[in-house]
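First the proteins, then the strands, lettered A, B, ... as listed; each starts at 1. A quick note: this is a predicted structure, and the numbers were derived from the prediction, not measured.
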Amino acid sequence: MALFERDYDIYRERDALREDYQPDELVGRDEELRTYKAALQPVINGEQPNNVFLYGKTGVGKTAATRYLLGHLREDAAKYDDISLSIQFLNCDGLTSSYQVATHLVNEFRSEHDQISTTGYPLATVYDMLWEELDDYGGTVLIVLDEIDNIEDDSILYQLPRARANGKLDDTQVGIIGISNDFSFRDDLSPKVKSSLCENEIHFPAYDAEDLKAILRQRADVAFYEDVLEPGVIPLCAAYGAKDAGDARQSIDLLMKAGDIARDAESETITEDHVEEGRTALERGRIEEGIRGLTEHGHLVLYSLVTNEIEGETPIRSRDIRPRYTRFARLAERDPLVPRRMRDHLSELTMLGIVSVTERNEGRRGGTYREYELDLPVEQVLSALSETVQLVGVHESVVDMADVDLAASS
DNA sequence: CGTCCACAGGAACGCTGGGACG
DNA sequence: CGTCCCAGCGTTCCTGTGGACG
């Protein structure tokens, strides 16, 4: 018998579940791919490329379809001598302005030791740098702007398609592919941008549970050895995905998490229990990440809500949260924010899914207001807070309070 | 049926801090 | 240095709004 033996592993190829994995075939997106392909056809014909706008919720295959088609396009374009094609992919996550997009694009085009700072230059200078880089390429350049809805002004979306017409570019034709999670982004565009960017629109609908099952099977076949998955696992992952948003990414992540948990437990199969466990773990991670991104005042507001929750005072309107909040702010030696700003923090918590809100209206007597309450167990929020936040005095006093009250109520 | 409550949330602006550049 | 740029976080001021009251 061998002294060393590889650990038993349920994974054949775990990478097949990772975000960057590119499957050979895209499941359930035939229609969209056909339209998309037609929109890209001019590139092969050596014509001015179309601008394309893709929209649909997260995890419905927009980015995957783009990677898939552009991969083929690149390959096929190479067969024709008279076509020079470059593709630039930029994820706009965290980029809020045309300015930032422009600087990042310049950096994408430039070599590593020639990068520019993302602040400091006048906007016009950055654009000039961008035109220069673009014109050096010649031929056709396709620029993919993923998560384009992060950009809050459309100046660059106006400039890019018109650069050639405005005499900024001589040798290069530019096509933009915009990908958005948010349909209303399209409506907020100025008409002139909309008409050029949205000349080809492709809508990606959410996946239903059946689509998700097919996708999960496809990935699971590569990722796991045979008979590792218990029969209920894929339907369960698919059901969660379909319930939330028809999001394939989320379902696949869940499957992977369940797999990791099963592997850690040295289980030979993945069970539905592993999926449930995975779901809690992912949820937890999501919350911690959300909380980490908040400012100090965001944390103080959350603490205030938590304590009110402990005391059974929720749902609670913002003005009733305020006294507690001001006290905590003093305790942490910070100036309390004005009510308007406090409400902003509350709505931020709502968007993170930590807090839920109900709108109430008492008419002339009481007017319209919102009532907030914690959408998660107090302990979960507190432990996430303690992982990520250091606010002198506040955390301790809240935890004390939680202990006392939790003990009293049990 | 118009009024009006009390807040929602948009708009405008100020301040701080970081970088580029002459 | 001072002068441009930018982002992020905050304040101030304001208009919008659904439904109970008179």
Side-chain angles (χ1 to χ4, degrees), chain A residues 90-108 110 112-133 147-159 182 184-185 187-190 289-305 308 313-326 328-330 332-352 355-373 388-389 391:
Chain A
L90 181 68
N91 189 312
C92 304
D93 186 22
L95 310 180
T96 53
S97 64
S98 290
Y99 185 90
Q100 293 189 334
V101 173
T103 54
H104 279 81
L105 276 175
V106 169
N107 282 338
E108 291 286 332
R110 289 197 175 182
E112 230 164 84
H113 49 269
D114 204 15
Q115 301 275 297
I116 61 169
S117 159
T118 54
T119 57
Y121 299 101
L123 181 60
T125 312
V126 180
Y127 279 156
D128 285 342
M129 293 184 204
L130 183 56
W131 307 141
E132 205 176 298
E133 296 301 326
E147 304 191 38
I148 198 172
D149 41 322
N150 286 296
I151 311 174
E152 274 160 24
D153 69 285
D154 50 19
S155 134
I156 194 160
L157 305 179
Y158 181 69
Q159 298 288 340
D182 179 5
S184 64
F185 174 76
D187 299 328
D188 294 341
L189 292 171
S190 63
E289 198 180 319
I291 290 179
R292 215 190 315 274
L294 297 172
T295 62
E296 271 184 354
H297 285 288
H299 296 138
L300 289 169
V301 171
L302 183 55
Y303 273 122
S304 316
L305 193 64
N308 279 299
E313 300 290 326
T314 52
I316 184 169
R317 59 203 291 177
S318 69
R319 72 164 175 210
D320 294 331
I321 299 175
R322 204 171 157 69
R324 178 71 42 86
Y325 160 73
T326 30
F328 281 156
R330 296 260 146 71
E333 291 172 330
R334 303 285 184 279
D335 289 335
L337 298 178
V338 98
R340 172 72 183 88
R341 188 76 187 118
M342 205 188 86
R343 288 205 304 270
D344 276 347
H345 283 296
L346 279 170
S347 62
E348 200 171 332
L349 291 171
T350 316
M351 284 200 297
L352 289 171
V355 165
S356 65
V357 62
T358 20
E359 206 142 304
R360 312 253 305 165
N361 194 331
E362 307 277 328
R364 197 159 80 178
R365 238 184 7 200
T368 354
Y369 56 94
R370 297 171 136 214
E371 285 188 330
Y372 301 87
E373 70 189 308
T388 49
V389 185
L391 280 167

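Here B/dA20 is the nucleotide among C/dG22, B/dA20, C/dC13 with the atom lying nearest to any side-chain atom of A/Ser117. Nearest nucleotide to the A/Arg317 side chain, out of C/dC6, B/dG19, B/dC7: B/dC7. In this structure, of C/dC9, C/dC6, B/dG9, it is C/dC9 that holds the atom nearest to the side chain of A/Thr295. Side-chain atoms of A/Thr368 lie closest to B/dA6 of the nucleotides C/dG10, C/dT12, B/dA6. Set against B/dC21, C/dG10, B/dG18, the side chain of A/Tyr121 has B/dC21 as its closest nucleotide.
At the heavy-atom level, A/Ser97 lies under 4.0 Å from the strands shown only through sugar-phosphate atoms.
Between A/Thr96 and C/dG8 there is a side-chain polar atom (N or O) within less than 4.0 angstrom of OP1 or OP2. A close approach under 4.0 Å does occur between a side-chain nitrogen or oxygen of A/His345 and OP1 or OP2 of C/dG10.
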Atom pairs and distances, donor-acceptor, side-chain atoms in residues 315-322 of chain A, under 3.5 Å, two or more places apart:
from	atom 1	to	atom 2	distance (Å)
A/Arg322	NH1	A/Leu337	O	2.9
A/Arg322	NH2	A/Leu337	O	2.8

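Here C/dA20 presents its C1' atom at 9 Å from CD of A/Glu362, a figure rounded to the nearest Å. We find that CD of A/Glu359 is positioned 17 Å from P of C/dG16, with the value rounded to whole Å. Remark: P of B/dT3 and CZ of A/Arg364 are 11 Å apart, rounded to the nearest angstrom. Protein atom CG of A/Asp344 is 10 Å distant from nucleotide atom C1' of B/dG10, rounded to whole Å. Rounded to an integer number of Å, the gap from A/Arg340 CZ to B/dG10 P is 7 Å. Computed from coordinates, the A/Leu337 CG to B/dG9 C1' distance equals 16 Å when rounded to whole Å. Atom NE2 of A/His299 and atom C1' of C/dC9 are 15 Å apart (whole Å). Look at CG on A/Asn107: it is 11 Å from P on B/dA20, rounded to the nearest Å.
With a 6.0 Å radius and a threshold of 12 heavy atoms from other residues, nucleotides or ligands, A/Glu362 has its CD atom above the threshold.
One side chain, A/Tyr127 or A/Ser155, offers a donor N or O that lies under 3.5 Å from an acceptor on the other.
Comparing A/Arg341 and A/Asn361 along DNA chain C, the residue whose closest nucleotide (by nearest heavy atom) sits nearer the 5' end is A/Arg341. Projected onto DNA chain B by closest heavy-atom contact, A/Tyr372 and A/Gly120 fall at different nucleotides, the more 5' of which corresponds to A/Tyr372.
Looking at A/Leu157, A/Ile156, A/Thr103 one by one, the single match for side chain to side chain contact (heavy atoms under 4.5 Å, CB included) with A/Ser98 turns out to be A/Ile156.
A/Tyr121 has its side chain within reach of A/Met129: a pair of non-hydrogen atoms, C-beta onward, lies under 4.5 Å apart.
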